[in-house]
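Have a look at the structure below before the remarks.
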Amino acid sequence: MRAQNSATRSTPIAVGDPATAVRSRAAPLASSPASPASPASPTGPAGPAPARHPRRATPPDSPATPAARARRAALRTRGARGGTMLACLGVVAFSLTFPATAWGLESFGPWSFVAVRSVLAAAIAGAFLLAARAPLPARRHWPGLAVVAGGVVVGYPLLTTLALTTATTSHAAVVVGLLPLTTAALSALRTGVRPSRRFWAAAVAGAAVVLGFTLAQSGGSLSAGDGYLFAALLACAAGYTEGGRLARDLPGWQVIGWALVACLPLNLAGAAVGLAYEPVHLGVLGVAGLLWAAAGSTFLGLYVWYRGMAEIGAPRASQLQLAQPLLTLLWSVALLGEQLSPAAPAAACAVLVCIAVTQRAQSG
């Protein structure tokens, strides 16, 4: 009896209920994340299935939306247009430099004119820097500022002024017409940017047009000041290239402002020596030329020029200077009474075409 009862009690444990056995084996499978719930029981034995969240819509102001991309493209377009306008204003200011220098040489010697011009420009720049409470540039900026100072504050003004003591403004435009090509080449070497072939073709064509036109205006002969002009060309291109690079970190007016202030001790000494040894004959035109060279060409012109170059890049901005020799020739006729060839309109149209091509060509 005791054995029979034991066998009887052990039978349910050994065999068990078939339905219970099936449910016990199915429960782990149903609770597995990889197993779907039974159709008969939507929630499944392990509880309700996790609800799927609806896909979140992209916010309207997200950078990935077409509207945001369109806004960024519009901002880039406006920035390019604004940079082009600023660079054009710089070219107009620079085109008046040679006539203003010719006026200034009527009252000052070349050394005293350049030194006094730079001192006045440094005073203007220093006043703006103090009024704006501009902080001192970082240590990494000073080597570039030294290049700017040596190129566009001292080198280019001095060398072109010495050249204009023996050459006319139209003759000086022969070499200055090559400045855009030189600036683009130095910028490519300095920054590693490689403009496209179409860009270079249009740049070379524009430089050839300007060179041929200005050579025709000067009778095809070279003056004794060509050495000064070629040296000024390299100095100015280096200053433009380095200044355009610095204008990405510093405001353009601070680039030229700090370069002028850095050269102030040297220019003060030069002004003292120049005024002591060179005769001075003050006149209205001489003073007007000095003031424009200091305030217009040196400070205002370089301010807008560097800002524009920071927006559109040094190679493209430099091509706008293809128009500078032609503008200088026009100013020479209007302000200095020089004669202009009838070929000027044709050359101006050719230069404008080259400028349009270089502005559309992509730098790569």
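Position 1 is the first residue of the sequence; numbering continues from there. No hydrogens, no waters, no symmetry mates; every other heavy atom, side chains included, goes into these values. Small disclaimer: the values here were computed from a predicted structure and weren't measured.
Considering OG1 of Thr161 and CZ of Phe98, their distance stands at 8.5 Å, rounded to 0.5 Å. Considering OG1 of Thr168 and CG of Leu329, their distance stands at 9.0 Å, rounded to 0.5 Å. Rounding to the nearest 0.5 angstrom, the gap separating the CZ atom in Arg81 from the CG atom in Leu86 is 14.5 Å. Here CD of Glu311 is found 11.0 Å from CZ of Arg248. Values are rounded to the nearest 0.5 Å. Taking OG of Ser332 as the start and CG of Leu326 as the end, the distance is 11.0 Å to the nearest 0.5 Å.
Leu120 and Val273 fall into different hydrophobic clusters, where Ile, Leu, Val, Met, Phe, Trp and Tyr residues are linked whenever their side-chain heavy atoms come under 4.5 Å apart, directly or through other members. In terms of hydrophobic clustering, with Ile, Leu, Val, Met, Phe, Trp and Tyr side chains grouped at heavy-atom distances under 4.5 Å, Leu179 and Val92 are assigned to a common cluster. Hydrophobic clustering (ILVMFWY, side-chain heavy atoms < 4.5 Å, transitive): Phe94 and Leu330 are in one cluster. Hydrophobic clustering (ILVMFWY, side-chain heavy atoms < 4.5 Å, transitive): Trp305 and Phe128 are in one cluster. The hydrophobic cluster containing Val284 does not contain Val280, counting ILVMFWY residues as joined when their side-chain heavy atoms lie under 4.5 angstrom apart, directly or transitively.
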Side-chain donor-acceptor contacts of residues 294-302 below 3.5 Å, not counting sequence neighbours, with atom names and distances?
from	atom 1	to	atom 2	distance (Å)
Ser297	OG	Ala93	O	3.4
Ser297	OG	Thr97	OG1	2.7
Ser297	OG	Trp292	NE1	3.3
Thr298	OG1	Arg117	NE	3.0
Thr298	OG1	Arg117	NH2	3.3
Thr298	OG1	Ala293	O	2.6

Acceptor/donor pairs from residues 227-247 side chains to any protein atom, 3.5 angstrom cut, sequence neighbours excluded:
from	atom 1	to	atom 2	distance (Å)
Thr241	OG1	Ala237	O	2.8
Glu242	OE1	Arg190	NE	3.1
Glu242	OE2	Arg190	NH2	3.4
Glu242	OE2	Arg245	NE	3.0
Glu242	OE2	Arg245	NH2	2.5

Table please: side-chain donor-acceptor pairs of residues 139-158 below 3.5 Å, with sequence neighbours left out.
from	atom 1	to	atom 2	distance (Å)
His141	ND1	Ala138	N	3.3
Trp142	NE1	Pro137	O	3.4

For residues 104-114, tabulate all N or O donor-acceptor pairs below 3.5 Å that involve a side-chain atom, not counting sequence neighbours.
from	atom 1	to	atom 2	distance (Å)
Ser107	OG	His281	O	2.8
Ser107	OG	Gly283	N	3.2
Ser112	OG	Gly109	N	3.3
Ser112	OG	Gly109	O	3.2
Ser112	OG	Glu278	OE1	2.8

Show the numbers, then the answer: is there a side-chain contact (heavy atoms from CB on, under 4.5 Å) between Leu129 and Trp253? CA-CA 9 Å; Leu129 290 171; Trp253 69 275; 3.4 Å; yes

Exercise for review: Apply the test side-chain contact (heavy atoms from CB on, under 4.5 Å) to residues Thr169 and Thr101: give CA-CA distance (whole Å), side-chain angles for both, the deciding distance (0.1 Å), then the verdict.
Suggested key: CA-CA 9 Å; Thr169 57; Thr101 302; over 6 Å; no

Would Thr328 and Val176 count as a side-chain contact (heavy atoms from CB on, under 4.5 Å) if you check the C-alpha gap in whole Å, the side-chain angles of each, and the deciding distance to 0.1 Å? CA-CA 10 Å; Thr328 299; Val176 173; over 6 Å; no

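Using a 4.5 Å cut-off on side-chain heavy atoms (C-beta onward), Trp258 and Leu136 make contact. Within the 4.5 Å cutoff, side-chain heavy atoms of Leu335 are placed close to those of Trp103.
By the salt bridge (Lys or Arg N to Asp or Glu O under 4.0 Å) test, Arg307 pairs with no residue at all, sequence neighbours left out.
Listed here is the closest heavy atom pair of Ala87 and Ile312: CB-CD1, 4.4 Å. Here the closest heavy-atom approach between residue Leu260 and residue Ser118 is recorded as CD2-O, 4.3 Å. Listed here is the closest heavy atom pair of Ala271 and Ala115: N-CB, 3.3 Å. Smallest separation of non-hydrogen atoms from Ala207 and Leu178: CB-CD2, 4.2 Å. Across every non-hydrogen atom of Val357 and Ala202, the tightest pair is CG1-CB, 3.5 Å.
Cluster note: Val119 groups with Leu264, Leu268 through ILVMFWY side-chain heavy atoms spaced under 4.5 Å, whether in direct contact or through intervening members.
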